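Below is one structure; the comments refer to it alone.
Proteins get letters first, then strands, A, B, ... in listed order; numbering begins at 1 in each. Small disclaimer: the values here were computed from a predicted structure and weren't measured.
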Amino acid sequence: MKDNRTAAVTKQMFKRLSFRPPAEMIAGESVPMWRDVLRRLVSNKLAMAGVVFLVLLAVMAIIGPIISPHDYFTNNLDRTNEPPSSEYWFGTDSLGRDLFSRIWMGARISLIVGLAAAVIDLVVGVIYGGIMGFVGGRTDEVMNKASEILYSIPYLLVVILLLVVLEPSMWTIILALSVTGWINMSWIVRGQILQLKNQEYVLAARSLGASGSRILFKHLIPNTLGPIIVTLTLTVPSAIFSEAFLSFLGLGVQSPAASWGTMINDALASWTLYPWQMLFPALLISLTMLAFNVFGDGLRDAFDPKLKK
Amino acid sequence: MVRYWGGKVVSVIVSLFVLATATFFLMKAIPGDPFTQEKAVPPEIKAKLMAFYGLDKPVWQQYLIYLKKLLHFDLGMSMKSQYQTVSGIIADSFGYSFRLGIFAIVVSVVVGVALGILAAMYHRKLIDSVAMVLAVLGVSVPNFVLASFMQYVLGVKLGWFNVAGLGGPLDYVLPVIALSALPIAYIARLTRSTMLEVLSAEYIKTARAKGLKKRAIIFKHALRNGILPVVTYAGPMTANIVTGSVVVEQIFGIPGLGQYFIASVSNRDYTLIMGITLFYAVILMIARLLTDIAYGLVDPRIGLRSRKGASG
């Protein structure tokens, strides 16, 4: 028996380790952080539903206007205010334009505005807020004052000025939103860092000789990731909202270009008569913002399992 | 203390000066003048109008006159609404916006913090889910969609509320809901997420181990830290409600400041644009100042002392 067993376990079954781990190093397989985050994100059904919706929206934003038999800008005054039919899938508006094409052109504008604004806010806001909170003193005061002055200009005014001086378009709106959009992010990062930088682990890092930028980028900013993500979660839909809001007021994307805000404003006067003109853009903008919100929630939980619902 | 607040006031004045300057020159950069109309104004009349409003002088002189008047709190005459001063228009219209805004802020903070605390206390229970569904809907449905929807369903179809105007107290309900839906959602989420973080902190465990009641733990220990991000949000919230009021006033036909602001811009009413901009700026700076005070009160670690030392 004993001989058999030793015969079954051969030397070839073992691989020689290049080093011997110390006994106290008992740990699971080391997983890169992003893979861990992704695993937790995928297991969140609501967040995944949001992702699926957003992917579908992006696909439709790309192919929607192509597969429609009608373009989004041609007036057809014989066929105004038609309900959805096999020819006009979402009906037509008061100028006889195809709502199906216009809805997906609106989706293009919303997605581009939302993503561009989020990237700009994230980069500028985190760097600016991080420096404000971390360096403190005079620097904080001057930078905070500068952001305060910029912020005290109502963003509507910034947008309007830019829209008058430049050509009113989607890019002007992105530019205008970026001028003031990052400030909120920077203040939240600043507030968090002010709170964190007096804590013991920062003192520990400092007494170990870590440089300022290392403490800021390796210790403080990763620890503010939760609030940054919560804020960013609200940045994409709020940029989408701002674009629709400005277009709703008649200050944003101009006809014949299609924005959900313009479409809702057009439909407002007569939506007791032609509810579908209001329904499709209102539903889609709400659903898009909802999808970004649940996705952002999921992302936050995935980054910070402490906060998991 | 005196030095700290003195410094604050000086910095507010400096920002207002910078802002006034920036607004003035940006206004000058806009093509067109306030007397551009569909019907061409005869050149002599136009020249007289330009002279009356001082627009014929070189820009730097206009700027100095504008600053001098500003020092006397004189915002000038509206260029479009004849015989009306800018401060008169602001005084007439701001009352509506102010009442709406104050109600919206109070409702937002009270309902938002309450929802956030409830959600954190009954974590993963029904109340939590309901509060979070409300919060997600609040940030997802745009205020102009919500406002027109409520106006149609509750005003037109059910007839519970007036469709437009601000006569009685009931008329405030729909605009205030439309204005506060987003801040409520934002505050509820912020409160919940920080409260959950705080509730898992060591000192809360200690408090629990001492046998303190749940209520005492939440209100005496957790809330002071949990409310910090909400305090940071006070500035942006004011801005949110100010800009929100523009669209809400338009939908519900309320003659507030927001309506005048949009109108002044499309009319190129320079003096009114500058007046309303500076006025908005003062409001937002007061909100920021209050945020700073509140910040120090709820979190003594960011006290006046360290700031005073830094700015001394």
> Between F53(A) and F295(A), is the gap from one ring center to the other below 6.0 Å?
Replying inline: no
> So do S110(A) and I285(A) actually touch side chain to side chain, heavy atoms under 4.5 Å?
Replying inline: no
> Side chains of Y186(B) and P183(B): closer than 4.5 Å at any heavy-atom pair?
Replying inline: no
> Between V145(B) and chain A, which part of the residue has a heavy atom less than 4.5 Å away: side chain, backbone, both or neither?
Replying inline: side chain
> What part of F149(B) lies closer than 4.5 angstrom to a heavy atom of chain A: side chain, backbone, both or neither?
Replying inline: both
>> Do T191(B) and Y233(B) make a side-chain contact, defined as non-hydrogen atoms from C-beta onward lying under 4.5 Å apart?
In response: no
>> With chain B as the partner, which of A244(A), G261(A), S238(A), A146(A) has the greatest number of non-hydrogen pairs under 4.5 Å?
In response: A244(A)
>> Counting only non-hydrogen atoms closer than 4.5 Å, does L290(A) touch chain B with its backbone (N, CA, C, O), its side chain (CB onward), both, or neither?
In response: both
> Is it the side chain or the backbone of I251(B) that comes within 4.5 Å of chain A heavy atoms, both, or neither?
Replying inline: side chain
>> Do V136(B) and R189(B) have side chains that approach each other closer than 4.5 Å (heavy atoms only, starting at C-beta)?
In response: yes
>> If I measure from the heavy atoms of chain B, does A291(A) come under 4.5 Å with its side chain, its backbone, both, or neither?
In response: neither
